[in-house]
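As structure tokens, the structure follows; a few thoughts come after it.
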Amino acid sequence: MKLKEEFKVDKEVFTKATEKTLYKLANAGYLDVLEGVISTGKEANVFRGKCRGKYVAVKIYRIETLEFNKLIHYLRGDPRFVVRETKRQMVYTWTRKEYKNLILAREAGVRVPEPIACRNNVLIMEFIGSEDGVPALPAKYMKPEDPEKWYKEILDSIKKLYRKRFVHGDISEYNVLNLNEEPVIIDISQGVVLDHPMAEEMLRRDIKNVLRWFKSLGVKTEDFDSVYRWIKNV
Ligand SMILES: Nc1ncnc2c1ncn2[C@@H]1O[C@H](COP(=O)(O)OP(=O)(O)OP(=O)(O)O)[C@@H](O)[C@H]1O
Ligand SMILES: [Mg+2]
């Protein structure tokens with residue numbers, strides 16, 4: 001696998017351990033090249049990679065993540081995961097959580113990137129973008145032409161997830177990509193199952209955010225209570 005020299009300079013992301021993880025994924029056949037940076041965030045950086053001629057998205061979580069407390073919050077209380085002690089292990093569990101949540105969302109019939117592989121703090125998933133490698137923009141920067149249709153589709157996705165006893169918890173115009181006018185929901189790492197003590201609060205937040213977002217796009221949204229009841233009426 002080729003790792004550009006310029007990446008190696010970024011010691012905060014490309015620690016020795018992360019480099020090793022990337023090489024392991026490459027040897028397992030999941031990655032040939034790591035190319036451009038798509039996004040640099042507080043918790044993770046997302047890169048465009050290539051595998052057997054096809055683009056993939058590679059999300060690399062920082063071991064020294066800045067919002068570490070948030071992470072512990074969402075991990076504790078989710079019966080699917082054991083919270084381990086060291087930062088490193090916790091970030092690894094967090095990465096696996098996003099991977100599992102992607103699988104769950106796909107099973108629920110919700111359009112999210114297809115998860116491809118996950119190892120330590122590295123998640124490889126379907127690249128959301130054009131065939132020639134231009135990543136799709138978040139809906140915040142590429143507004144939907146038909147917001148009514150999106151509004152319905154996103155509420156529908158929340159309901160589909162809820163039916164699977166799952167809540168995303170961070171749905172907004174920043175975490176929905178506009179792929180040729182189709183919404184693709186991303187950034188699902190904080191998502192929890194309904195047993196989690198924060199699940200209810202997260203569901204309310206998602207609904208509020210979606211109503212606010214689409215109201216700002218001129219959609220005649222319903223009131224919170226009727227949407228809430230509609231979603232919970234599974
Ligand atoms: N599968 C994907 N295909 C194409 N682009 C992606 C993909 N996943 C993420 N991105 C891009 O990377 C950005 C950040 O991804 P994501 O929201 O998952 O990370 P994040 O946890 O919000 O990072 P942070 O909050 O630390 O900035 C997205 O806004 C999007 O532009
Ligand atoms: Mg995000």
Quiz item: Do S226 and D223 get their side chains close enough for a donor-acceptor pair, meaning under 3.5 Å?
Solution: yes
From the list E200, E201, M202, side-chain contact (heavy atoms from CB on, under 4.5 Å) with R204 holds only for E200
To the nearest 0.5 Å, atom CZ of R163 lies from atom CG of N233 at 10.0 Å
Distance col, row L31:CG vs C51:SG, nearest 0.5 angstrom, shows 6.5 Å
* **Under 3.5 Å: donor-acceptor pair, side chain of D206, backbone of I171** => yes
When every non-hydrogen atom of V193 is compared with those of A199, the smallest separation belongs to O-CB, 3.7 Å
* Asked: Can any side-chain N or O of R52 pair as donor or acceptor with the backbone N or O of G29 at less than 3.5 Å?
  -> yes
Q: Determine whether the side chains of Y92 and R88 contain a donor N or O and an acceptor N or O closer than 3.5 Å.
A: yes
Do M125 and E114 pass the side-chain contact (heavy atoms from CB on, under 4.5 Å) test, and can you show the C-alpha distance, the side-chain angles, and the key distance before you say yes or no?
CA-CA 6 Å; M125 61 186 144; E114 187 188 342; over 6 Å; no
Note: P113 and R106 closest approach over all heavy atoms is C-NH1, 3.8 Å
Here the salt bridge (charged side-chain N to carboxylate O under 4.0 Å, His left out) pairs for residues 130-152, sequence neighbours left out, are K149-E182
One should read off an interatomic distance between I185 CD1 and I128 CD1, to the nearest 0.5 angstrom, of 11.5 Å
Could you check whether Y55 and E126, counting side-chain N and O atoms only, form a donor-acceptor pair closer than 3.5 Å? no
(Q) If you count heavy atoms of other groups shown closer than 6.0 angstrom to NZ of K160, is the number above 12? (A) yes
**Asked** Is there a donor in the side chain of E222 and an acceptor in the side chain of Y228, or the other way round, less than 3.5 Å apart?
**Response** no
Practice item. Please check if any side-chain donor atom of K59 sits under 3.5 Å from a side-chain acceptor atom of Y61, or the reverse. Key: yes
Hits for side chain to side chain donor-acceptor pair (under 3.5 Å) against N121, two or more places apart or cross-chain, chain-then-number order -> T18
Checklist entry - Under 3.5 Å, side chain of N120 to main-chain N/O of V122, donor-acceptor pair present? => result no
Determine whether the side chains of T95 and E98 contain a donor N or O and an acceptor N or O closer than 3.5 Å.
no
*Measure centre to centre between the rings of Y74 and F81, then say whether the value is under 6.0 Å.*
no
* **Test item: N209 side-chain N/O and S172 main-chain N/O as donor-acceptor pair under 3.5 Å** => no
One should read off an interatomic distance between I60 CD1 and F47 CZ, to the nearest 0.5 angstrom, of 4.5 Å
(message) Are there over 12 heavy-atom neighbours, none belonging to K100, within less than 6.0 Å of that residue's NZ?
(response) no
Distance col, row D187:CG vs N175:CG, nearest 0.5 angstrom, shows 4.0 Å
Quiz item: What's the verdict on side-chain contact (heavy atoms from CB on, under 4.5 Å) for E43 and R62, showing C-alpha distance, side-chain angles and the deciding distance?
Solution: CA-CA 6 Å; E43 291 149 54; R62 298 162 184 278; 6.0 Å; no
(Q) Under a 3.5 Å distance rule, please check whether K164 uses its side chain to pair with a backbone N or O of A108 as donor and acceptor. (A) no
(request) Verify, without hydrogens or angle tests, whether R48 (side chain) and G133 (backbone) share a donor-acceptor contact under 3.5 angstrom. (result) yes
Here the pair of heavy atoms bringing A139 nearest to W150 is CB-CZ3, 3.7 Å
Rounding to 0.5 Å, atoms NZ (K87) and CD (E64) come to a distance of 4.0 Å
Under 3.5 Å donor-acceptor, N101 side chain and G191 backbone
yes
Query raised in the report: Does the H196 side chain pair with the main chain of P79, one donor and one acceptor, at a distance under 3.5 Å?
Result: no
Got a donor-acceptor contact below 3.5 angstrom from the K159 side chain to the W230 backbone? yes
Charged N to carboxylate O below 4.0 Å: is that the case for R205 and D170? no
Answer yes or no: is there a donor N or O on one side and an acceptor on the other, between the side chain of H168 and the main chain of I186, under 3.5 Å? yes
